[in-house]
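Report on the following structure.
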There are 2 protein chains.
Amino acid sequence: MTKQRRIRQEPVSLATVAAQAGVSIATVSRIVNGEVRRASPETVERVQQLVSALGYRPNHVGRTLRRRESKIVAMLSPNLDNPAMAAIAASVETALRTAGYVMILCDTHDRADLQDEYLNAMRSQVVQGYVVVNAVRSEGLSAAVARGDPIVFVGRRNPDTRGSFVGIDNWRAGMDAADHLWSGGFREIAVIYPSQGSSATRDRVGGFMARLEDLGMPTSALRQAEAPGLSHLEVGYAAAQNLVKKRPWPPALFCPSDLMAYGAYRLASEAHVQVPKECSIVGVDDNTLNAWIAPWLTSVRIPYADFGARVVEQLQVLWAGEQGSEQLLPHELIVR
Amino acid sequence: MTKQRRIRQEPVSLATVAAQAGVSIATVSRIVNGEVRRASPETVERVQQLVSALGYRPNHVGRTLRRRESKIVAMLSPNLDNPAMAAIAASVETALRTAGYVMILCDTHDRADLQDEYLNAMRSQVVQGYVVVNAVRSEGLSAAVARGDPIVFVGRRNPDTRGSFVGIDNWRAGMDAADHLWSGGFREIAVIYPSQGSSATRDRVGGFMARLEDLGMPTSALRQAEAPGLSHLEVGYAAAQNLVKKRPWPPALFCPSDLMAYGAYRLASEAHVQVPKECSIVGVDDNTLNAWIAPWLTSVRIPYADFGARVVEQLQVLWAGEQGSEQLLPHELIVR
DNA sequence: ACAGGTTAGGCAAACGTTTGCCAAATGCTA
DNA sequence: TAGCATTTGGCAAACGTTTGCCTAACCTGT
């Protein structure tokens with residue numbers, strides 16, 4: 001570990017350019033910002049030459065301080081390891097970049113305390129808005145909402161009140177899954193879910209069960225099992241264990257997320273239950289990888305790639321001082 | 001869309017606290033920063049009361065401008081959709097948070113122009129350092145390196161020169177895969193790879209082939225195929241197609257990434273070739289999901305979860321003005 | 001020639017911090 | 001009582017921008 005010679009040349013600021021050009025800082029600032037009518041054509045030309053010659057780039061920190069607005073948006077997301085979350089992050093990032101913003105990414109691990117810590121930290125960073133994926137109820141979140149901070153909720157609604165939201169109609173997604181299995185001829189169907197489910201999973205399961213009831217399925221033929229835990233993979237595995245503890249494997253199974261379906265699949269494999277021959281599984285998300293390595297899984301595709309554009313749209317609505325709205329994107333059941 | 005009443009209460013700054021406390025801004029600043037010996041105990045007490053009562057939080061923008069250092073690190077990553085990249089992002093994010101930093105995430109889509117655009121944008125944001133995952137050669141990158149900006153390379157080395165690097169010994173990973181298949185008794189083995197592979201995939205394949213040669217395998221028994229493309233999923237599929245165009249499926253196949261293995265698997269499934277019974281596949285990465293839905297895949301596990309800590313370590317070395325080093329983390333072949 | 005308008009550009013304050021330096025007041029020693 | 005060190009705290013500059021306001025100089029029409 002030897003000392004390294006830093007070649008740190010001094011940064012070039014408006015002052016640098018102004019001195020070289022023999023004009024004032026104000027003039028350079030105006031020209032850089034496109035106000036060309038406030039200087040003579042020759043001056044504009046000269047300054048622009050110098051700007052590119054010196055490689056001047058406006059310092060966003062100074063600009064933010066003065067303008068009291070940054071080009072930074074914070075995204076709070078639980079466990080990035082979840083492919084669905086990663087897909088959302090990727091989509092939002094791209095949309096923000098197109099709109100001229102950058103994204104600070106915060107992994108809250110689904111913990112209220114971390115969510116609050118990040119909300120506070122982000123406020124110090126003077127971020128311009130927040131994208132909160134699968135928000136949990138927390139003090140800091142309520143405070144931010146009360147303050148009127150621009151927040152777009154994704155996946156899960158604002159636990160407290162209404163507001164900007166981007167997601168799908170989870171209830172209907174559950175209904176669609178029910179329709180699929182019912183019309184597939186299944187008359188004994190199981191469903192598994194996490195013990196402390198989010199509103200999203202609850203809605204999916206709720207819609208699923210309600211629809212089956214509507215279709216005339218006797219309650220006794222609808223088997224349920226749950227399991228506690230954080231990772232949907234493990235929840236799926238454990239809930240499936242509970243499901244088959246006393247009775248044989250069901251011919252059809254609905255899981256409110258693909259990850260849970262993977263968990264159930266693992267147990268089925270271990271039990272030498274063939275999927276989908278002996279047990280048809282329906283999940284929700286339709287992860288990219290399904291087409292490649294999980295063709296046995298029927299899944300409700302959520303158009304995560306379209307989330308980013310909607311999120312940015314909502315942010316812009318909020319920035320304009322208007323009320324945000326709920327954006328429900330179309331889902332689609334994918335059978336392979 | 002009705003106008004929303006904003007309740008934007010004025011932000012509380014050092015000046016607010018100072019005015020309330022009847023002391024100068026300087027004094028408050030010092031107390032907030034823990035310099036308690038520059039004020040009388042009573043003053044300190046009074047100011048601290050006010051700080052928490054008013055909910056004062058230092059404005060990072062002002063601080064950054066003055067100190068000329070921010071607590072922001074930029075991470076440039078190609079396609080977050082790749083589970084391996086998401087794992088790295090999650091790990092780095094956590095490590096940065098622990099060290100008191102936040103992460104701006106930039107998805108370069110493996111494009112040199114986007115990489116440069118982001119490098120420039122990040123410089124304007126006065127980020128404190130860069131984490132570049134699978135860097136591509138680009139003008140802006142060279143410029144940043146020449147400038148002495150603190151950059152940690154992950155996965156792929158600095159295309160131009162040496163520097164801080166976190167990753168695994170790809171060559172050896174390839175060798176380990178070769179050993180595994182050879183000791184499994186396979187004497188006809190295939191390998192597929194992308195046409196324009198990165199140094200990482202090239203090294204893996206290189207080590208694999210070199211090791212097989214060392215073991216005495218005739219070159220004729222080592223089949224190769226390649227395919228162009230961006231997504232490793234599609235590369236794997238297409239390369240596998242090329243592989244079996246004229247000859248039957250090989251009994252063993254090495255893929256320099258799990259995604260490529262998934263692509264090959266899909267083709268195998270379509271061709272009704274049983275994996276792993278008729279074709280053993282070895283990949284690299286060992287994605288989390290393998291244990292759940294791809295138990296047929298043997299894979300070289302890369303400890304992505306440990307990357308974050310090493311990355312932050314390297315950043316701190318660079319910030320101390322010292323020379324960064326190469327951090328090769330241990331990999332491990334996982335058989336299920 | 002003069003009023004009024006336009007053009008070209010500078011001054012300086014402000015955003016929120018940090019920090020070197022100064023100064024008054026207090027305490028201590030000789 | 002003089003001399004000196006310590007405590008306590010304020011002043012003001014600086015970081016890089018933006019922008020309201022000011023002021024020359026020039027132009028135009030009567």
Side-chain angles (χ1 to χ4, degrees), chain A residues 8-48 50-51 54-72 121-128, chain B residues 8-48 50-51 54-72 121-128:
Chain A
R8 296 238 154 284
Q9 70 252 32
E10 85 301 341
V12 31
S13 71
L14 281 184
T16 323
V17 181
Q20 296 264 331
V23 297
S24 78
I25 291 180
T27 301
V28 180
S29 172
R30 286 192 273 252
I31 292 176
V32 166
N33 289 342
E35 275 223 35
V36 285
R37 312 169 43 82
R38 294 293 304 275
S40 72
E42 307 90 68
T43 308
V44 172
E45 174 64 15
R46 188 157 36 102
V47 167
Q48 285 175 337
L50 276 168
V51 161
L54 298 176
Y56 167 77
R57 299 196 52 94
N59 178 320
H60 278 196
V61 177
R63 175 175 288 176
T64 297
L65 190 57
R66 164 69 212 217
R67 286 213 188 130
R68 318 195 62 164
E69 64 176 49
S70 72
K71 288 297 198 177
I72 304 184
M122 289 306 107
R123 192 140 75 100
S124 298
Q125 296 284 359
V126 195
V127 303
Q128 209 58 17
Chain B
R8 295 238 156 285
Q9 70 252 31
E10 83 302 340
V12 29
S13 71
L14 280 183
T16 323
V17 180
Q20 297 263 330
V23 296
S24 78
I25 291 180
T27 301
V28 181
S29 171
R30 286 193 273 252
I31 292 176
V32 166
N33 288 342
E35 275 221 36
V36 285
R37 312 168 44 80
R38 291 294 306 273
S40 70
E42 308 89 67
T43 309
V44 172
E45 174 63 16
R46 188 158 34 103
V47 167
Q48 285 176 339
L50 275 168
V51 161
L54 298 176
Y56 166 77
R57 299 195 54 92
N59 179 319
H60 279 197
V61 177
R63 176 174 289 175
T64 297
L65 189 56
R66 165 65 213 220
R67 287 214 188 129
R68 320 195 59 162
E69 64 176 48
S70 73
K71 290 295 197 177
I72 304 185
M122 290 305 107
R123 190 141 75 102
S124 298
Q125 296 284 359
V126 195
V127 303
Q128 209 56 19

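Here is the naming used below: chain letters follow the sequence lines, and residue numbers restart at 1 for every chain.
- Here CD of B/Gln48 is found 11.0 Å from OG1 of B/Thr43. Values are rounded to the nearest 0.5 Å.
- For the pair B/Leu14 CG and C/dG16 P, the interatomic distance rounds to 9 Å; values are reported in whole Å.
- Between A/Asn33 and D/dT18 there is a side-chain N or O to OP1 or OP2 distance below 4.0 Å.
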Problem - Derivation and outcome, side-chain contact (heavy atoms from CB on, under 4.5 Å), residues A/Arg63 and A/Asn33 - result: CA-CA 11 Å; A/Arg63 175 175 288 176; A/Asn33 289 342; 3.4 Å; yes
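- Atom CZ of B/Arg66 is separated from atom OG of B/Ser29 by 9.5 Å, given to the nearest 0.5 angstrom.
- Here the rule is side chain to side chain contact (heavy atoms under 4.5 Å, CB included) with B/Gln125, and of A/Val61, A/Ile72, A/Asn59 only A/Ile72 fits it.
- In this structure, A/Ser29 does not reach the D/dT17 phosphate: none of its side-chain N or O atoms is under 4.0 Å from OP1 or OP2.
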Could you run down the sub-3.5 Å N/O contacts of the protein with nucleotides 6-13 of chain D?
residue: D/dG9; atom: OP1; partner: B/Thr43; partner atom: OG1; Å: 2.8
residue: D/dG9; atom: OP2; partner: B/Ser40; partner atom: N; Å: 2.5
residue: D/dG9; atom: OP2; partner: B/Thr43; partner atom: OG1; Å: 3.3
residue: D/dG9; atom: N7; partner: B/Arg38; partner atom: NH2; Å: 2.9
residue: D/dG9; atom: O6; partner: B/Arg38; partner atom: NH2; Å: 2.6
residue: D/dG10; atom: OP2; partner: B/Ser24; partner atom: N; Å: 2.7
residue: D/dG10; atom: OP2; partner: B/Ser24; partner atom: OG; Å: 2.7
residue: D/dG10; atom: OP2; partner: B/Thr27; partner atom: OG1; Å: 2.6
residue: D/dG10; atom: N7; partner: B/Arg30; partner atom: NH2; Å: 3.0
residue: D/dG10; atom: O6; partner: B/Arg30; partner atom: NH1; Å: 3.3
residue: D/dG10; atom: O6; partner: B/Arg30; partner atom: NH2; Å: 2.9
residue: D/dG10; atom: O6; partner: B/Arg38; partner atom: NH2; Å: 3.4

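- Nucleotide C/dT18 holds its P atom 10 Å from the CG atom of B/Asn59, rounded to whole Å.
- Listed pair B/Arg67 / C/dT18 meets the phosphate criterion, a side-chain N or O lying under 4.0 Å from OP1 or OP2.
- One atom, CD of A/Gln125, and another, P of C/dC15, lie 20 Å apart when rounded to the nearest Å.
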Exercise for the section: Under the side-chain contact (heavy atoms from CB on, under 4.5 Å) rule, what do B/Tyr56 and B/Leu14 come out as? Steps first, then yes or no, please. Expected result: CA-CA 8 Å; B/Tyr56 166 77; B/Leu14 280 183; 3.4 Å; yes
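- The distance from atom CZ of A/Arg68 to atom P of C/dA14 is 13 Å, rounded to the nearest whole Å.
- If you check every strand for non-hydrogen atoms under 4.0 Å, B/Ser13 touches sugar and phosphate atoms only.
- To the nearest 0.5 angstrom, B/Arg46 atom CZ is 11.5 Å from B/Gln20 atom CD.
- Straight-line distance from the CG atom of A/Leu65 to the P atom of D/dA14: 17 Å, rounded to whole Å.
- Where the helix from C/dA1-D/dT30 to C/dA30-D/dT1 starts and where it ends, the local axes point in directions that differ by 60°; five pairs per end, rounded to 10°.
- In this structure, the separation between CZ on B/Arg123 and NE2 on A/His60 is 12.0 Å, given to the nearest 0.5 Å.
- For B/Tyr56 and C/dT18, the OH to C1' distance is 11 Å, given to the nearest whole Å.
- Between the CG atom of B/Leu50 and the CD atom of B/Glu45 there is a distance of 10.0 Å, given to the nearest 0.5 Å.
- Taken to the nearest 0.5 Å, the OG1 atom of B/Thr64 stands 8.0 Å off from the CD atom of B/Gln128.
- Straight-line distance from the NE2 atom of A/His60 to the C1' atom of D/dT17: 11 Å, rounded to whole Å.
- When rounded to the nearest whole Å, the span between CD1 of A/Ile31 and P of D/dT17 equals 14 Å.
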